[in-house]
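Notes for the one structure printed next.
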Amino acid sequence: MQFQTSNQFIRNDQKVHIYSKALLSNLASLKNLCRPETKFCAVIKANGYGHGIREIVEILKKGQVDFFAVANVYEAAFIADVVGQAKILILEPIHTAYSSDAVQLCAKKGFHCAVVDIEALQFVQDCLANSSDVLNVHIKVETGMGRCGVDAEKAAELIKKTRSFPNLRLAGVYTHFSTAAEKDLIFAEQQLEKFKKFLSGQSLLACKDIIIHAANSAAMLNMPQAHFDMVRCGIAMFGWAEHRDILNVKLTPAMKFEAPIVQINHYKKGQTVGYGRTFTAWRDTIGAIVPVGYADNYWRLYSNNAVMKIGDNFAQVIGRVSMDKTIIDVTDIPDVKIGRYVTIIDNDPQSLCSVYKLAEMADTICHEVLTSLPSRALRIIH
Ligand SMILES: *Cc1c(COP(=O)(O)O)cnc(C)c1O
């Protein structure tokens, strides 16, 4: 199967710092919350939550990761040569519109693949029929998420079929919670009960070679009874969690995003700044231009709202964020000069420009702030 790769340029002046120690210590702390035999699946879809997927794999390999989970076959193929001993789980179910090349690649490379319907299962078997390759299949059971997955009855049929096909191996059975990150876990508990009922009905809990899994970061932290054979952990590994106030583990953010000041402006009191004149200098103001804008997913709603950090000081965004530029008020900040680096996303969870704060401001979750990191920024691994 041929995959296209792009030759996107990298901007050396936009720096995404990745802290290996933080990632590895989060990994160790999270693993510590699990039973020693519980497998750890590091979820690294969406370019490793924006950090850089191959870079993240290279780092996490030094810890103990049993699986890397990605969203699709493209990501799987992109990291296949760097995962070492770890296996790759593809979360997006195989469907009948897959090319048979892609199915064959999955089998050849030993990827573990989700399947959620009979037609797809038959299609996969047909694609592999002329080979001795065996595909590792994970059946995803729908218990309340209402996204990908099959209800219990169909799942039972899928399991039976998988076992009857010569080129397929039943490698896993899983589900996914819709509310594990909410304060109220009642629905998640109901999902868990449904899943457990299914597993015992199928006598799956006793099968040593079938990996049962359900927990994402939130469930891993809040529902230890849902760990089963493996946890699938994304956001927490990168140092962020949705319920930071009730965290039973210390997490260290693993990324900081910076860019340099490229111009300094002196605005007279009363002068306006940026498109739409949404900011008027209420005093004589020194503004610094940072070459990051909404094209870098520094969202326009941060206009007159977010802050950036220079040394230990915070500088307010003034005026509208534009496509490639944002202006900050540096009037009271010492040692401001062209070339000095400004922190746009901070790795300090208490910071006013932490991922928490930026997510809150944009009415979203940490996942979306992280996956919005510009891919053209330089990654620096520490
Ligand atoms: C993305 C994803 C995860 C990881 O979620 P986090 O909240 O980042 O831990 C786990 N399981 C599935 C099926 C996912 O799609």
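When only modelled atom types and interatomic distance are considered, Arg232 and Asn216 share no side-chain donor-acceptor pair under 3.5 Å.
When hydrophobic side chains of Ile, Leu, Val, Met, Phe, Trp and Tyr are connected at separations under 4.5 Å, Ile365 ends up as a singleton with no cluster partners. Other cluster members for Tyr267: Val262, Val273, Phe279, Trp282, Ile289, Ile318, Ile327, joined by side-chain heavy-atom distances under 4.5 Å among Ile, Leu, Val, Met, Phe, Trp and Tyr. Phe314 shares a hydrophobic cluster with Val307, Leu352; the chain of contacts runs through ILVMFWY side chains whose heavy atoms sit under 4.5 Å apart.
Looking at Ser303 and Tyr275, their side chains never come closer than 4.5 Å, going by heavy atoms from C-beta outward. With a 4.5 Å cut-off on side-chain heavy atoms, Val317 and Asn305 do not count as touching. By the 4.5 Å heavy-atom criterion applied to side chains, Ser217 and Trp240 are not counted as neighbours. Pro291 has its side chain within reach of Asp13: a pair of non-hydrogen atoms, C-beta onward, lies under 4.5 Å apart. With a 4.5 Å cut-off on side-chain heavy atoms, Met220 and Cys34 count as touching.
With Arg300 contributing its side chain and Met323 its backbone, the two residues share no donor-acceptor pair below 3.5 Å. Between the side chain of Arg379 and the backbone N or O of His51 there is at least one donor-acceptor pair closer than 3.5 Å. Looking at Thr175, its side chain does come within 3.5 Å of a backbone N or O of Val141 through a donor-acceptor pair. Using modelled atom types, one side-chain atom of Glu75 and one backbone atom of Ala46 make a donor-acceptor pair closer than 3.5 Å. No side-chain donor-acceptor contact under 3.5 Å links Asn347 to the backbone of Ala254. At least one donor-acceptor pair closer than 3.5 Å links the side chain of Gln191 to the backbone N or O of His176. Side-chain atoms of Glu142 come within 3.5 Å of backbone atoms of Gly146 as a donor-acceptor pair (strictly under, hydrogens ignored). Here the side chain of Ser29 pairs a donor or acceptor atom with the backbone of Ser25 at under 3.5 angstrom. Here the side chain of Lys109 pairs no donor or acceptor atom with the backbone of Ala80 at under 3.5 angstrom. Between the side chain of Asp296 and the backbone N or O of Gly293, at least one donor-acceptor pair lies under 3.5 Å.
Within 6.0 Å of CD on Gln8 lie more than 12 heavy atoms contributed by other residues, nucleotides or ligands. Atom CD of Gln316 has more than 12 neighbouring heavy atoms from other residues, nucleotides or ligands inside a 6.0 Å radius. For Lys61, the NZ atom is densely surrounded, since the number of other residues' heavy atoms within 6.0 Å is greater than 12. Tyr341 OH: more than 12 foreign heavy atoms inside a 6.0 Å radius.
The shortest heavy-atom contact between Arg11 and Phe9 is CG-CE1, 3.8 Å. Of all heavy-atom pairs between Ala377 and Phe257, the closest is CB-CE1, 4.1 Å. Between Gly48 and Ile56, the shortest heavy-atom distance links the atoms O-CG1, 4.3 Å. Nearest approach of Val330 to Ala315, heavy atoms of both residues: CG1-CB, 4.3 Å. Scanning all heavy atoms of the two residues, the minimum distance from Ala281 to Thr285 falls at CB-OG1, 3.6 Å.
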Could you give the side-chain donor-acceptor pairs of residues 194-212 under 3.5 Å, partners two or more places apart or in another chain?
unit_1 : atom_1 : unit_2 : atom_2 : d
Ser200 : OG     : Lys196 : O      : 3.1
Ser200 : OG     : Lys197 : O      : 3.2

Contacts table for residues 85-93: side-chain donor-acceptor under 3.5 angstrom, sequence neighbours left out:
none

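For Asn12, the side chain to side chain contact (heavy atoms under 4.5 Å, CB included) criterion is met by Ile10, Leu378, not counting sequence neighbours. Judged as a side chain to side chain contact (heavy atoms under 4.5 Å, CB included), and not counting sequence neighbours, the contacts of Asp284 are Lys268, Lys269. Evaluation of the side chain to side chain contact (heavy atoms under 4.5 Å, CB included) rule for Ala181 yields Ala218, Glu242 as partners, not counting sequence neighbours. Applying the side chain to side chain contact (heavy atoms under 4.5 Å, CB included) criterion to Ser20, with sequence neighbours excluded, gives Ile59, Ile381. Scored by the salt bridge (charged side-chain N to carboxylate O under 4.0 Å, His left out) test, Lys160 finds no partners at all (sequence neighbours excluded).
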Between Asn26 and Thr252, is a side chain to side chain contact (heavy atoms under 4.5 Å, CB included) present by the stated rule, with each step listed? CA-CA 7 Å; Asn26 293 338; Thr252 312; 3.9 Å; yes
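Atom-to-atom distance recorded for Leu135:CG and Asn167:CG is 9.0 Å, nearest 0.5 angstrom. In this structure, the separation between OG1 on Thr331 and NE2 on His266 is 9.5 Å, given to the nearest 0.5 Å.
Ring geometry for Tyr302 against Tyr298 counts as tilted: the plane angle lies between 30° and 60°, on a 0 to 90° scale.
Put simply, Tyr19 and Val369 are part of two different groups of oily side chains (I, L, V, M, F, W, Y) that touch within less than 4.5 Å, one to the next. Clustering ILVMFWY residues whenever any of their side-chain heavy atoms sit less than 4.5 angstrom apart, transitively, puts Phe78 in the very cluster that holds Val103.
In this structure, Asp81 pairs ionically with Arg54, as a charged nitrogen and a carboxylate oxygen lie closer than 4.0 Å. We find that Asp229 and Lys39 are not joined by a salt bridge, their nearest charged nitrogen and carboxylate oxygen being 4.0 Å or further apart. Between Lys154 and Glu157 no salt bridge is recorded (no basic side-chain N to carboxylate O distance below 4.0 Å).
Residue pairs meeting the ring pair (Phe, Tyr, Trp, His ring centres under 6.0 Å) criterion with at least one member in residues 110-153, sequence neighbours excluded: Phe67-His112, His112-His138, His138-His213. Judged as a salt bridge (charged side-chain N to carboxylate O under 4.0 Å, His left out), the pairs with a partner in residues 305-330 (not counting sequence neighbours) are, in order, Arg283-Asp329, Lys309-Asp346, Asp324-Arg376.
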